[in-house]
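Here is the structure we will look at, set down as C-alpha cells.
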Amino acid sequence: MPPMTWVYDFAEGNKDQKDLLGGKGANLAEMTNLGLPVPPGFTISTETCRAYLALQESGEGGQPDGLADEVTEHLAALEEAMGKKLGDADDPLLVSVRSGAKFSMPGMMETVLNVGLNDTSVGGLAARSDSDRFAQDSYRRLLQMFGGTVLHVDSELFSDALDEAKRAKGTESDLDLDADDLRGVVATFKQIIKDQTGRDFPQDPREQMDLAIHAVFDSWNTDRARLYRRQERIPEDLGTAVNVQAMVFGNFGMDSGSGVAFTRDPASGNQGVYGDYLQNAQGEDVVAGIRNTVSLADMSDIDRTSYDDLMDIMNRLERHYRDMCDIEFTVERGKLWMLQTRVGKRTPEAAFRIAVHMVDEGLIEMDEAVLRVTGDQLAQLMFPRFDETSERTLLAKGMNASPGAAVGKAVFDSDTAVEWTARGEDVILVRKETNPDDLRGMVAARGILTSRGGKTSHAAVVARGMGRTCVCGAESLDVDTRARQFRVRDGETISEGDVISIDGTTGEVFAGAVPVADSVVVRHFEGEKLDDDLAHAVARIMAHADGARRLRVRTNADTPDDAARARRFGAQGIGLCRTEHMFLGERRELVEKLIVAEDDEGVEAALAELLPLQRQDFTEIFEAMDGLPVTIRLLDPPLHEFLPDLTELSVEVALAEERGEVDEHAVTLLTHVRRLHEQNPMLGLRGVRLGIQIPGLFRMQGRAIAEAAADRMAVHGAPRPEIMVPLVASVRELQIVRAELEQQVAEVEEERGIKLDIAIGTMIELPRAAFLANRIAKSADFFSFGTNDLTQMAWGFSRDDVEASFFSRYFEHGIFDVSPFESLDQLGVGGMVEMGTKKGRKTKADLKIGVCGEHGGDPRSVHFFDEIGLNYVSCSPFRVPVARLEAGRSVLQRR
Ligand code: PEP
Ligand code: MG
C-alpha cells in the first residue's frame, strides 16, 4: 500500500472532494483553481482526523505517522509562496487554523486565527504593518482564541478582562483601545492562561500550529457537536478536515473589512446579491454582531473597487456552481480576498423560487430543478405559520404531530368543541389523549393538543389525515378534563375558554393568540388563480415531477370532503377509506345494539338499520372520486372503541345501585363491555376477526358498497370500488370473507340487473401475511401494505405508546435516528414489504400493490416504495403533493 497522504495543497483539490477535504476545503480548492483571490494554504484531510481520533480513543495518543512531515512540507511551500516564515521575528507569516467537515456544522467546531504570533513576532508585525495597535490587537485575539479552544480556559475570563480594560478606558468599543491598552490586555491574557493551565502560552509558532490542529480534530467530539449531528442526522464517523491558510486582515484600518454575502436572497429567493459588510473587522466580528454592519450596497460607496471585484466574483461563482452561493470575504487594504464559499442554505420558499428562476436563466434543466427541492420543503410551505416576529409566551413543548399553526379557545370535550364552533368560535381541543369518539370534536376544532400519545397515536393520525394542526404528548401539561383546565409545569392554569396557540410544526404551545398567515401554496393547490411567483414555481415543479413519476399517488380519506380536497391536490384515487369513523356519533347506538343483540334477529335488525347509512356514505365518496379507484376497508378497530369506557360505566352502574336505581340498559351494556374487554386490544378482536366473529357485519358493508356502486351507475357515474380486508394473517380468513362479499355483489347484480366490477383485496399488515403473501395472493385481487400495523407488529412496539415513552433514549443511543412509525424502517419492515411484494407477484405476476400506512407520505419511504416497484402509495390529503413530488424525484434521481 502506498503511504497515506494526509495533507493536500488547495491547488490539488476540487469541489467534489467534500468527503476527503470537507466542505470548506473542497470549495477553497475549487476557488483556487478558478483563479480567484484565495489566500494560499493547505487542507489536512478528514481521513487524518479519523486516524487521529482513533489513536486518542485507543489510548495510544499522538498523531498519525507521517503527518508531521507532511505538514512541514506544505508549510514550507506556503512560506515560499508568501515569501515569509511562520512566526518570523521581522516579518511573520501568520495562519488561520479552521475546521471544515463534509456537512456544514456552523459554530460547532473550532477556529484559531493569527497563529504564529508571539512576544517577538508581534514586534515584526507592528513594524511591517506600521501599526503597533493592529499587532497588539491581533496578538490578544490569538491568546483569546487559543486559550479558549486549545487550552480550554473559560472564555468568559478573557471577555471579562477585555470588558474591564474598556471600562477602565471609559468606552464600550474595542476600537477605542490604543496600542498600550491592548498591550495591557495581552499581558493580562497571558497571565490568565498561566494561572488557569499552569503553563505559559507556547511561544513556538509550530507548536502553536500543531496544538491548534489537534484542537480542531478534538472539537469533532464535543457535546454540542455530537448533539448537532444527531439533530441534523449527520453521521458520527465522518471527522472534520483542518484548513491552514495564510492570514489576511480585515482589521488593518478603515480601508479593510470583512463580510458575508449571498448571491441571492436566501430567505425569499429573490434575484440580487444580499449581504453584510463591516469595516476594520475580522470575520468573527461580523457574525458576533459586536458592531452594526452595513449592506453590500453601502459597501459600494466605501470601496468601489473591492465591491466591483466582489460582484464579479459572485457572478462567476453562481454560474460556475449553477446554484446560489454564500460567501465569506475579507478586504485587506483595498484588496479583496475570498475566504469561503459554498452552496448556500435557504428557506423552502427560496428553494422553489431559485430552482425555477435558474431554469429560466438557462443555468439548469427542469430535471435538476425538481431534484433541488424536497417534499419536506413543500410540506413546510403548505402549512400556515405563526408570525415568528411576534411576542410569544411558551407554555409547553410536545411532539410536532401534524404541522400548522392553530389559535383558539381551549375546550376539553367534543360536545363543547362542536357547540362553540357552531356559534362561530375557533377552538383547540385539549385532551389527555383522543379516541375515535373525539372525531367530531377534532373535525370542529382548529387544532388538537394532547398530553399523551405519539406521532401515530389516534390523535396524530387522524389530525394529519384532516390536515388539522396537532401537538401530541405534551407531557408537562397536567390535563384535567373534568375540571376543564390544564396546568402548566410552572403552576399557571389554562381554563376552558382561554385562548392558546399551538404550532404543529415545532410542537410548541403558546398562551394567547399568536398571529398566523395562510399558505399561498395550498391556495394554489385548491385551484385559486394566483399571481404569485412562489405559486407559479411550485406549479411548474409539480408538473415536471408528475411527468417523470412512475408511482401513482392515492389518498387516505374517509369523507367526501377529504376525498374532494385530495383530488384537487392531485390524488389518483383513494387507497384507504377507513370505515370506523362512519360508526360514531349517533350511529354508535346502532353498533351497541349490534353488540348486545341476543339473537340473530337482533343482529339482523341492527345491521338493517346501519345498511342505508353506510350506502349513503359510500355513494357520496364514489361521487367525489368519480372515475377513480376507491379502496374501502372493512371495519378494523377493536370493538370496545365503540362502547363506553369500562371504568366509567362500572362507576355509573355502581352509583345508580347505591341510589337504589337500576338502569337496565347500563347493566346489560356493562356485561358486554366486560365480555369484550381485552388486555391487548390491538392484538385482539379486530380486523378480519370481527368479520368472522360477528357474522353479517362484513356482509352488510359489502352490500352497502355494491348498492352504492349500483346507485352511482344508475345516474351515469363511474364508481370504481375496491374492497379491502384488514389484518389478515391466513389465506383461509380471506377466503371466508371473500365468499361472503362475492355473494353480496352477485345478489346486488342480480337484483339490479347490472354487472359490477369490484376488486377484493387485502391489507398486508402482519408479519405472517408478508411471509405467506404467495398463498394470500391466491385469494386477493390486490395488496395494500398497512405499514403502521406492520411496524407495530414487526418491532413489537405499541404504536400508541412507545414514541412518547422511551424513543428519546433510542435516539440518543443511535438505535434509530427517526421513529420507524414516521419513516419506514427499510431494513426490517421494508424487507417484509419487499418480500411480500415478490411473493405476491410470484403467484400473480401483475398483482396491484400499494401502501396505505403513514409512510405513504414520507419522502424517504416513498423513494423506497418506488424502488421496489409498488404501484401506488396512499397518504393523507395534505401529503399527496409531497408524495407526487418525491415519486418524481425518485425517478429523476435514478436517471
Ligand atoms: C396500517 O396499519 O398501516 C393502516 C393503514 O391501518 P390503520 O392505521 O388504520 O391501522
Ligand atoms: Mg392497520
Side-chain angles (χ1 to χ4, degrees), residues 401-402 434-436 439 453-466 554-559 562 574-584 630-639 641-642 680-691 701 722-729 733 761-770 782-803 819-825 828-830 832-833 836 849-858 861-862 864-865 870 872-877 879 883:
S402 178
T434 64
N435 62 52
L439 188 71
K455 284 189 192 170
T456 44
S457 63
H458 176 267
V461 171
V462 175
R464 271 199 297 279
M466 298 189 297
R554 297 197 195 179
T555 191
N556 294 356
D558 324 331
T559 66
D562 279 354
I574 290 182
L576 172 63
C577 172
R578 292 180 168 100
T579 50
E580 47 266 32
H581 300 144
M582 301 167 177
F583 290 86
L584 299 168
V630 174
T631 306
I632 295 169
R633 180 179 70 185
L634 303 178
L635 197 66
D636 176 58
L639 269 196
E641 290 193 7
F642 301 100
N680 280 317
M682 278 310 229
L683 304 179
L685 181 57
R686 56 173 290 224
V688 68
R689 304 158 196 175
L690 283 171
Q701 289 199 290
E722 300 173 335
I723 304 180
M724 181 156 77
V725 185
L727 220 73
V728 162
E733 292 169 316
T762 182
M763 296 190 73
I764 303 286
E765 48 185 349
L766 290 172
R768 190 177 197 276
F782 63 88
F783 280 178
S784 178
F785 284 92
T787 46
N788 300 333
D789 272 309
L790 197 55
T791 301
Q792 165 165 269
M793 307 294 183
W795 281 88
F797 282 157
S798 159
R799 60 196 262 192
D800 293 311
D801 304 307
V802 289
E803 284 178 296
S819 162
F821 287 108
E822 198 175 321
S823 191
L824 189 77
D825 153 34
V829 180
M832 287 189 186
V833 175
I849 303 183
V851 60
C852 62
E854 287 296 292
H855 307 93
D858 166 65
S861 315
V862 169
F864 177 82
F865 297 133
L870 297 198
Y872 68 88
V873 294
S874 187
C875 54
S876 53
R879 298 302 285 190

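As the structure lists them, so they are numbered: ligands from 1, and atoms in each ligand from 1.
- Salt-bridge formation is detected for the pair Arg686/Asp789: a Lys NZ or Arg NE/NH1/NH2 atom is positioned less than 4.0 Å from an Asp or Glu carboxylate oxygen.
- With a 4.0 Å heavy-atom cut-off, ligand 1 is reached by the backbone of Asp789 and by its side chain too.
- For Thr579 and Gln701, the side-chain atoms include at least one donor-acceptor pair closer than 3.5 Å.
- Residue contacts with ligand 1 do not include Glu854, since none of its heavy atoms lies under 4.0 Å from the ligand.
- If you look at Met724 next to ligand 1, there are no close heavy atoms at all, none under 4.0 Å.
- Scanning the protein for heavy atoms near atom 5 (C) of ligand 1, the closest one is Cys852 O, 3.4 Å.
- What sits closest to atom 3 (O) of ligand 1 on the protein, heavy atoms only, is Asn788 N, 2.7 Å.
- Geometry note: the Mg ion (ligand 2) is the vertex, Asp789 OD2 and Glu765 OE1 are the arms, and the angle is 100° (rounded to 10 degrees).
- Looking only at atom types and distance, the side chain of Asn556 has no donor-acceptor partner in the side chain of Ser876 under 3.5 Å away.
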Practice task
Mind running salt bridge (charged side-chain N to carboxylate O under 4.0 Å, His left out) on Asp558 and Arg578 for me, showing each step along the way?
Solution key: CA-CA 6 Å; Asp558 324 331; Arg578 292 180 168 100; 5.3 Å; no
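- Below 30°, between 30° and 60°, or above 60°: for Phe797 and Phe821 the angle between ring planes is between 30° and 60°, a tilted geometry.
- In summary, the atoms of ligand 1 found under 4.0 Å from a heavy atom of Gly786, numbered by their order in the structure, are 1 (C), 2 (O), 3 (O).
- A salt bridge is defined here as a Lys NZ or Arg NE, NH1 or NH2 lying under 4.0 Å from an Asp or Glu carboxylate O, and Arg554 with Glu722 meets this definition.
- Note on ligand 1: Gln792 sits outside its first shell, no heavy atom being nearer than 4.0 Å.
- At least one donor-acceptor pair under 3.5 Å links the side chain of Asp825 to the backbone N or O of Gly828.
- Each of the following atoms of ligand 1 lies closer than 4.0 Å to a heavy atom of Arg799: 2 (O), 7 (P), 8 (O), 10 (O).
- With ligand atoms numbered from 1 in the order given, ligand 1 contributes 3 (O) to contacts under 4.0 Å with heavy atoms of Thr787.
- Nearest non-hydrogen protein atom to atom 9 (O) of ligand 1 is Arg578 NE, 2.7 Å.
- Those atoms of ligand 1 that come under 4.0 Å of a heavy atom in Met763, given as number and element, are 4 (C), 5 (C), 6 (O).
- For Arg633, the closest heavy-atom approach to ligand 1 falls below 4.0 Å.
- Using modelled atom types, no side-chain atom of Arg799 and backbone atom of Asn788 make a donor-acceptor pair closer than 3.5 Å.
- A salt bridge links Glu580 with Arg633: at least one charged nitrogen is closer than 4.0 Å to a carboxylate oxygen.
- At a 4.0 Å heavy-atom cut-off, ligand 1 touches Leu576 through the side chain alone.
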